[in-house]
Every structure is written in structure tokens, then in C-alpha cells.
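Note that the numbering runs from 1 along the sequence shown for the chain. Just so it is clear, the model here is predicted, and its values are computed rather than measured.
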Amino acid sequence: AGMNGTAIENFVCVIFNVSFMNCTWHVDRTASRDTQYFLYWKTSRKEDFTGCQNYIKDNCGRHTGCRFQNVTIENKRAYFLVNESRNGQNIQSYKKTIILYRIEKLTPPLNVTVNCTEASHGCEIRWQQPRTSHVKKRACFKYEIIIENK
């Protein structure tokens, strides 16, 4: 449980460029400058938690996020734990479960080409589906095209 008023707020994770993940949080306004935060995560209830290796820090040197590489979405869920310490005191811990595919920001479609002809008074637009670590079927994607005449 720990002390009230020191827990993190607004814990958010985002997966981008297929295999990179950033997790960030806000430090409670009442937390002292010597409060430190440590992020752990795992993708299965059976495995042990792994600690962050690449922290994002604020102006006071407190951990306010973590950068992960080589993240895969094969296991749909991930379990996160943020422990907090201050001079050996136990401070509130934060736990969250995230369904990974819901936090992936897809890349734009690849190899977009536009071929317009005067004879048909139209254009043909082609593209390849975005890179993703978990969607394999083309039918899973929906696209929106906005055409602006200039």
C-alpha cells in the first residue's frame, strides 16, 4: 500500500514502428524530489517481471517513463508494475494490465503511388498495408482517402 499521495498518475504505453514501446507516467505533485520510480513488466503471469533498462527522466532525475525495443505482441497481454522508493520507505505501487494490440500505433501505408490520366479523367491510387507485428490479413485494414483539388 504505502504512503498516500505519492503514486504515479496517467500511466500510458504506446507501441510504434512495429517493435518499439514507450511507457510514461506523471509523478504525483506531492512526491518529494528523492522519490524514485522503477518499472517492471512481463507478458505472462507465469514469468518473472523484467526491469526497465532505458529510463526517461524528469529534471529531478526521477524516472518518468521507459523505452523498450524488440517488443512483440504475440502474447496479447502485458502486466506492468511500478514500484516507488524514498529513503528505504515503502511507497504506493502501481499495477496495470494492458492488451498490447490496442496500444499499437500503426505506420502509414507503404509505397503509396498515384497515377492520374487525362484520358480517363481519374486517378489510380495504390499502396501496401502498414507494417505491423500482429495483423496479417489485408481485410483487417480500413483506409480513408482524402482528395484535395488544387
Side-chain angles (χ1 to χ4, degrees), residues 1-114 125-150:
M3 298 168 47
N4 286 334
T6 57
I8 63 168
E9 300 170 340
N10 300 322
F11 183 86
V12 177
C13 295
V14 176
I15 296 174
F16 60 97
N17 287 347
V18 180
S19 64
F20 296 94
M21 180 172 67
N22 281 357
C23 294
T24 57
W25 57 86
H26 294 126
V27 173
D28 186 281
R29 292 179 303 280
T30 62
S32 67
R33 291 166 119 2
D34 63 344
T35 301
Q36 191 55 279
Y37 302 85
F38 300 95
L39 175 65
Y40 302 90
W41 81 304
K42 62 183 179 178
T43 55
S44 165
R45 289 189 187 273
K46 295 177 184 177
E47 67 184 61
D48 292 330
F49 278 102
T50 301
C52 173
Q53 301 296 312
N54 189 12
Y55 281 106
I56 300 165
K57 299 179 182 183
D58 68 7
N59 293 339
C60 298
R62 295 179 293 200
H63 302 155
T64 57
C66 185
R67 293 182 181 98
F68 297 94
Q69 296 180 358
N70 303 318
V71 173
T72 60
I73 303 181
E74 293 163 358
N75 296 327
K76 293 181 181 179
R77 295 186 198 283
Y79 306 91
F80 294 88
L81 169 68
V82 179
N83 283 334
E84 306 158 30
S85 67
R86 182 177 64 212
N87 295 331
Q89 286 182 310
N90 184 30
I91 301 176
Q92 290 177 336
S93 294
Y94 176 88
K95 294 179 183 179
K96 185 168 187 173
T97 301
I98 295 177
I99 298 174
L100 293 173
Y101 71 83
R102 290 185 179 166
I103 63 168
E104 183 177 16
K105 300 294 181 195
L106 298 176
T107 62
L110 303 170
N111 299 323
V112 177
T113 59
V114 179
I125 304 170
R126 293 180 178 260
W127 61 85
Q128 293 174 339
Q129 72 184 42
R131 293 186 318 129
T132 177
S133 62
H134 71 286
V135 179
K136 305 302 179 207
K137 297 178 183 175
R138 292 181 63 90
C140 291
F141 289 94
K142 292 183 180 181
Y143 302 93
E144 178 178 333
I145 299 173
I146 299 172
I147 299 174
E148 296 179 3
N149 291 330
K150 295 199 176 191

Gln69 atom CD, over 12 foreign heavy atoms within 6.0 Å: no

Listed pairs under 3.5 Å, donor-acceptor, residues 52-61 side chains, sequence neighbours left out:
residue	atom	partner	partner atom	Å
Gln53	NE2	Gly51	O	3.3
Tyr55	OH	Leu39	N	2.9
Asp58	OD1	Cys60	N	2.9
Asp58	OD1	Gly61	N	3.1
Asp58	OD1	Arg62	N	2.9
Asp58	OD2	Arg62	NE	3.0
Asp58	OD2	Arg62	NH2	3.2

Contacts of type ring-ring contact (aromatic ring centres under 6.0 Å, His included), residue Phe38, not counting sequence neighbours: His63

Tyr94: partners by side-chain contact (heavy atoms from CB on, under 4.5 Å), with sequence neighbours left out: Ile8, Phe11, Val82, Lys96

Straight-line distance of Arg77 CZ to Ile98 CD1, nearest 0.5 Å: 11.5 Å

Pairwise distance OH(Tyr37) to CZ(Arg86) - rounded to 0.5 angstrom: 8.5 Å

Side-chain heavy atoms of Trp127 within contact of Ile145, under 4.5 Å: yes

Residue pair Thr43 / Glu47: nearest heavy atoms and the distance that separates them: N-OE2, 3.3 Å

Stacked cation flag Lys105 on Phe16, 6.0 angstrom / 45 deg: no

Which residues share a side-chain contact (heavy atoms from CB on, under 4.5 Å) with Val18, sequence neighbours left out: Arg131, Ser133

By side-chain contact (heavy atoms from CB on, under 4.5 Å) - contacts of Thr113 (at least two apart): Arg126

Atom pair CD1/OH of Ile15 and Tyr101 - distance to nearest 0.5 Å: 12.0 Å

Separation of Lys42 NZ from Phe49 CZ (nearest 0.5 Å): 4.5 Å

Trp41 side chain reached by Val71 side chain, heavy atoms, under 4.5 Å: yes

Atom pair CH2/SG of Trp25 and Cys66 - distance to nearest 0.5 Å: 6.5 Å

Results of side chain to side chain donor-acceptor pair (under 3.5 Å) for Asn111 - residues two or more places apart only: Gln128

Residue pairs fulfilling side chain to side chain donor-acceptor pair (under 3.5 Å) with at least one residue in residues 10-24, sequence neighbours excluded: Asn10-His26

Partners passing salt bridge (Lys or Arg N to Asp or Glu O under 4.0 Å) against Arg45 (at least two apart in sequence or in another chain): none

Any pair counted as salt bridge (Lys or Arg N to Asp or Glu O under 4.0 Å), so long as it reaches residues 30-39, sequence neighbours left out: none

All pairs passing disulfide bond (SG atoms under 2.5 Å apart) where residues 19-49 contributes a residue, at least two apart: Cys13-Cys23

Approximate separation, where rounding is to 0.5 Å, of Glu148 CD and Ile146 CD1: 7.0 Å

side-chain contact (heavy atoms from CB on, under 4.5 Å) involving Lys95 - partner list, sequence neighbours excluded: Leu81

